[in-house]
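Numbering of ligands and ligand atoms starts at 1, following listing order.
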Amino acid sequence: MQHQKVLILDFGGQYNQLIARRVRELNVFCDLMPSDMSLEKIKEYNPIGIIFTGGPNSVYDEDSPKIDKGVFELGIPVLGICYGCQLMAYTLGGEVQRASTSEYGKAEVSYVSSHLTVDMPATAVCWMSHTDRITRLPEGFRMLAKSDNCPYAAFGDEERKLYGVQFHPEVNHTFKGTVILKNFLYNVCGAIGDWTMSNFVANSIASLKEKIGDKKVLCAMSGGVDSAVAATLIHKAVGDQLTCVFVDHGLLRKYEADEVMSVFKDGLGMNLIKADDGAIFLEKLKGVTDPETKRKIIGEQFIRSFEKQAKAIGKVDFLVQGTIYPDVIESGKGKSAVIKSHHNVGGLPSVVDFREIIEPLRDLFKDEVRKVGFELGLPKNVVMRQPFPGPGLAIRIMGEVTEEKLETLRDSDYILRDEIAKAGLDDKIWQYFTVITNSKTVGVQGDFRTYENVIAIRAVTSVDAMTADWARIPYDVLEKISTRIVNEVRHANRIVYDITSKPPATIEWE
Ligand code: XMP
């Protein structure tokens, strides 16, 4: 696949993946690689530009990451951000001073005109997060922005196309920060903007066709975005040579299994086999109350169910994995991805007779996967599906999983999702679902005393599920949800709202 590439060297800063996403959003492909990449490898990679990220170190720390001076002599434009700009200044003979106090947060900078600062206002707010500061620029450089605390908030040597910014253009708090990145990519590096999802789809289909030839491919379809998009891409490339197996463990949300079949089998004509094993899973979960035991049982049975189908299909050439770029970065720090250890698919390679793993989404961030999904014509409920745990509803039922509780949970969850969508909040909340607590309380419905389940509403905002805040759903929406659940759902007579963030709570209840 031929497209321009930008190389982002990772010095360990917290916003590094965000820099890469911003560059991609500006339609330029980039890779995040370890900062110790050799000069030879950098040349081989052949980037149109290089970005040094921020990082937690001081250039004076003994073990701080350094850079080969030769990188500035390759004739490739470089943009250093935060630690990256200090390292550039230090390596090229400028002066970086250790400071005792940090500058952290918003600061006002004044910009000077240059290729990097085109379309920037005379003064604007930016986001600073640093301790050391540059006090003298290397020869050939000039100041491009300054703030009260920072005499060289941005600087550059326009002849050599080397630039540095002390602040973080990638974060939203920096006013027009993406304009600075865009200027670097388009005005300095000569980007043409050839990284678009429609190009990606066209190129991927062509290269998948070539790679797969007339061979057989097997994919585990979970209903999640990654496997759905990966399978659709491969299906567009090789049609019926692809077989998908969908293990319905009976722990999905209301109508979800039918939707998977209707979109992929009926709609796209995919060769999709459904393993209808809900009864087996339920039998195995009988009497089990411990969350980790539930997870283990479901994970193991999932593999057994898949194995049964795979055996019937026989030897395949390729097994599809829905690995995406953050998995690649996490697992191999840019070098090579280890097989994703997601509980749903982690054990699959050992039970399937296959020749090679194929990972059509391994270059994409999650938001790019979603764009590809839309590009391929998949419906919004598939592409924008909220994260859903592999063990499904089993970990949203406290205590033993029974068919009756599953029905109560599915019906209440369906109402919650319906009202959240009607209120236009579905794009704003990361995850929202109901939980059957293992409490029962007394209620009065009609003229009767009831003794039924307490249902909890869990809704959180988050960016990566590592931390989460409880979502502030408006009271009137909560009221509608509560009223509908107690009126329409069997075995529910009280609704509570979970107002705990993560940490200390987790998103799921089990
Ligand atoms: P917690 O509950 O740990 O969840 O805050 C973080 C994210 O992970 C999802 N989750 C799981 N996903 N298998 C999965 O595939 C699991 O066992 C599992 N447990 C939690 C959860 O929905 C949230 O998005």
Side-chain angles (χ1 to χ4, degrees), residues 17 219-230 246-253 256-257 260 281 284-285 288-303 305-306 321-324 326-327 330-331 338-348 361 365-367 369-370 381-399 401 406 409-410 412-413 416-417 420 426-438 456-471 498-510:
Q17 284 203 27
C219 177
M221 174 86 89
S222 67
V225 189
D226 301 343
S227 65
V229 173
F246 168 43
V247 175
D248 181 2
H249 52 21
L251 304 165
L252 291 170
R253 289 166 293 187
E256 208 162 28
V260 170
F281 281 83
K284 298 239 157 156
L285 288 168
V288 179
T289 53
D290 174 61
E292 285 314 301
T293 313
K294 284 184 189 172
R295 278 194 171 79
K296 200 158 161 272
I297 290 171
I298 296 164
E300 276 171 15
Q301 182 52 45
F302 185 92
I303 307 264
S305 293
F306 188 84
Q321 293 266 309
T323 316
I324 66 171
D327 307 325
E330 293 313 320
S331 58
V338 290
I339 294 163
K340 199 174 179 184
S341 62
H342 185 279
H343 103 278
N344 270 350
V345 293
L348 295 189
L361 309 178
F365 283 107
K366 193 79 177 188
D367 37 357
V369 174
R370 295 195 203 278
N381 60 346
V382 172
V383 175
M384 299 310 288
R385 186 188 196 243
Q386 43 170 320
F388 186 69
L393 300 183
I395 57 166
R396 294 178 181 171
I397 292 173
M398 306 302 99
V401 181
L406 276 169
L409 185 56
R410 277 199 193 100
S412 59
D413 188 72
L416 170 75
R417 285 191 286 141
I420 292 285
D426 49 345
D427 292 340
K428 299 185 178 69
I429 307 179
W430 172 267
Q431 264 177 291
Y432 45 98
F433 51 86
T434 57
V435 172
I436 300 198
T437 68
N438 53 359
I457 295 172
R458 180 62 164 155
V460 295
T461 54
S462 177
V463 285
D464 55 8
M466 302 295 285
T467 59
D469 194 10
W470 60 279
D498 181 348
I499 52 167
T500 334
S501 292
K502 172 183 179 177
T506 51
I507 295 175
E508 302 291 344
W509 270 40
E510 280 196 339

Minimal non-hydrogen separation, Ser501 against Ala468, with atom names: CB-O, 3.2 Å
Arg295 and Glu508 ion-paired at < 4.0 Å: no
Test of proximity, Pro391 against ligand 1: N or O pairs below 3.5 Å: no
Sub-4.0 Å atoms of ligand 1 with respect to non-hydrogen atoms of Ile507: 1 (P), 2 (O), 5 (O)
Residue Lys502 vicinity, atoms of ligand 1 by number, heavy atom under 4.0 Å: 1 (P), 3 (O), 5 (O), 6 (C)
Numbering as shown, the atoms of ligand 1 that approach Pro387 to under 4.0 Å (heavy-atom distance): 24 (O)
Nitrogen or oxygen atoms of Arg396 and ligand 1 under 3.5 Å apart: no
Lys284 atom NZ, over 12 foreign heavy atoms within 6.0 Å: no
Sole residue of Asp226, Val225, Val229, Val382 in side-chain contact (heavy atoms from CB on, under 4.5 Å) with Arg370: Val225
Contacting atoms of ligand 1, where contact means under 4.0 angstrom from a heavy atom of Gly390: 12 (N), 13 (N), 14 (C), 15 (O)
Flag, side chain of Ser462 to backbone of Thr467, donor-acceptor distance under 3.5 Å: yes
Enumerated ligand 1 atoms positioned under 4.0 Å from heavy atoms of Arg295: 16 (C), 17 (O), 18 (C), 19 (N), 20 (C)
Side-chain touch Ile395/Leu251, heavy atoms, less than 4.5 angstrom: no
